[in-house]
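Both counts, for ligands and for their atoms, begin at 1 and track the order of listing.
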Amino acid sequence: MSIDYNRHPCFNAKVKGQFGRVHLPVAPKCNIKCNYCNRKYDCVNESRPGVTSTILSPEQALTYMDRVLEAEPRISVAGIAGPGDPFANSAETMETMRLIRAKYPDMILCLASNGMGLAPHVEELAEIGVSHVTVTVNGVDPNVVKNIYSYVRDGNIVYRGIQAAELLLARQLKSIAKLKEHDITVKINTIAIPGINDHHIEDVAKAMSDLGADLFNCMAMFPNADTVFENIPEPSKKQMASLRKTAEKYLPQMRHCTRCRADAVGLLGEDKSSEMHGCLSACASLPKATDTAKPYVAVATLEGVLVNQHLGEANRFQIWGKKDDGYQLVEERPAPLSSGGPQRWQNLARTLKDCQAVLVNDLGNSPKETLIKMGIKPITMSGFIEMGLEAVYTGKGFNKLKSRTQKCTSKGACTGGGTGCG
Ligand code: SF4
Ligand code: SF4
């Protein structure tokens with residue numbers, strides 16, 4: 001790989017007139033609620049983070065990337081900055097980064113996150129070659145942080161107040177430390193909110209410098225309508241200049257941020273978002289990964305007749321396809337070695353990426369979500385494989401399969417390495 005990292009216009013102000021970036025809006029969901037955020041999806045005129053005119057799938061994002069480069073060859077960075085958080089949509093984010101890296105080996109890959117769900121993905125980001133990550137850190141004291149967020153969601157649990165603040169902060173600090181361990185360039189965005197955290201910016205800059213962050217971008221809060229902070233006035237240019245000067249004692253400052261939309265494209269001072277709007281919408285209406293790209297069905301089976309294994313138990317999957325007069329076994333495919341955590345299921349989904357469904361006795365919520373996000377439908381059932389294949393390929397008979405499910409009752413006795421299906 002021969003990537004020239006100096007071509008990043010956000011991290012290197014000297015090249016902002018020569019190189020541009022494209023934001024790929026593949027991440028609609030968010031896992032926290034900032035009191036200044038109002039995400040709109042359909043306003044092409046509004047220019048601020050969190051706003052995009054449409055959402056793309058990873059495959060659509062790759063097509064959009066092709067078209068953007070035809071129109072603006074000076075694009076050197078592909079980034080994901082929402083409109084939600086890249087790691088509240090980790091399957092789409094990682095898939096998009098992989099697709100872009102495979103087709104454009106010289107492209108700088110960049111992500112902007114609130115840091116809540118980032119840490120478990122850092123190894124994979126490094127492996128793909130994501131070189132620049134921005135983490136928004138608005139405070140390093142939970143008593144300050146608690147006033148900035150309405151809630152923080154971790155899986156199905158929602159935290160508020162001081163608990164939310166402590167959890168978010170712990171995740172952010174861990175994420176930044178891990179990014180630096182993997183030699184990834186880290187920019188910290190801090191939103192200055194008058195009366196809430198503007199007295200605390202120096203503490204944030206110092207703590208981030210101690211963690212090894214590379215660049216600090218102190219941004220003025222924009223009072224968005226219909227938000228908790230809508231009546232707090234935007235800090236003045238003078239206030240911002242003073243905050244940046246103080247923060248500069250600890251970290252180099254970014255002073256040329258243009259507060260980009262989640263679908264921004266072009267050079268920082270020469271935005272082409274409106275111009276590319278038609279192209280973006282056209283890409284969003286392209287067919288998603290279709291059944292022609294996913295002709296097969298994976299099956300968790302011991303002997304090739306019955307569906308009789310849970311997802312986490314299967315150390316190999318049979319891959320079945322359709323033929324004129326029925327179904328045929330195409331091959332057996334080993335499951336990737338268990339690496340633990342969500343990555344295990346992402347690796348499995350990649351192994352089965354040409355399969356539209358997987359037939360299993362049972363599976364946990366975490367793999368279920370990952371498989372669905374990556375376009376593989378998990379079908380829980382027991383009994384003859386052919387019955388499951390018939391349901392998948394004809395779209396009929398799913399109800400009959402439901403009554404034939406065998407729930408996982410023995411995680412301790414699981415033969416899938418003891419890691420269960422969750
Ligand atoms: Fe990365 Fe932010 Fe620049 Fe986009 S605007 S390329 S997310 S640093
Ligand atoms: Fe909005 Fe971003 Fe905050 Fe999520 S992290 S609530 S998308 S500003």
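Both the backbone and the side chain of Cys34 come within 4.0 Å of ligand 2, judged by heavy-atom distances. Using a 4.0 Å cut-off between heavy atoms, His132 makes no contact with ligand 1 at all.
Applying the 4.0 Å criterion to heavy atoms of Lys187 picks out, from ligand 1, the atoms 8 (S). Near Asn114, meaning under 4.0 Å from one of its heavy atoms, ligand 2 places the atoms 5 (S). Per-residue contacts place Phe11 under 4.0 angstrom from the following atoms of ligand 1 (heavy atoms of the residue considered): 8 (S). In the vicinity of Ile32, heavy-atom distances shorter than 4.0 Å reach the ligand 2 atoms 4 (Fe), 5 (S), 6 (S).
Here ring pair (Phe, Tyr, Trp, His ring centres under 6.0 Å) pairs that include residues 87-111, with residues two or more places apart or in two chains, are Phe87-His121. The side chain to side chain donor-acceptor pair (under 3.5 Å) analysis of residues 191-208, with sequence neighbours excluded, yields the pairs His200-Asp203, Glu202-Lys249, Glu202-Tyr250, Lys206-Asp210.
For Ala207, the side-chain contact (heavy atoms from CB on, under 4.5 Å) partners are Val140, not counting sequence neighbours.
Atom 4 (Fe) of ligand 1 has His23 NE2 as its protein N, O or S neighbours under 2.8 Å.
Under 4.0 Å is where a charged nitrogen must lie from a carboxylate oxygen, and between Arg350 and Glu124 at least one such pair does. A salt bridge links Arg21 with Asp271: the distance from a Lys NZ or Arg NE/NH1/NH2 to an Asp or Glu carboxylate oxygen falls below 4.0 Å.
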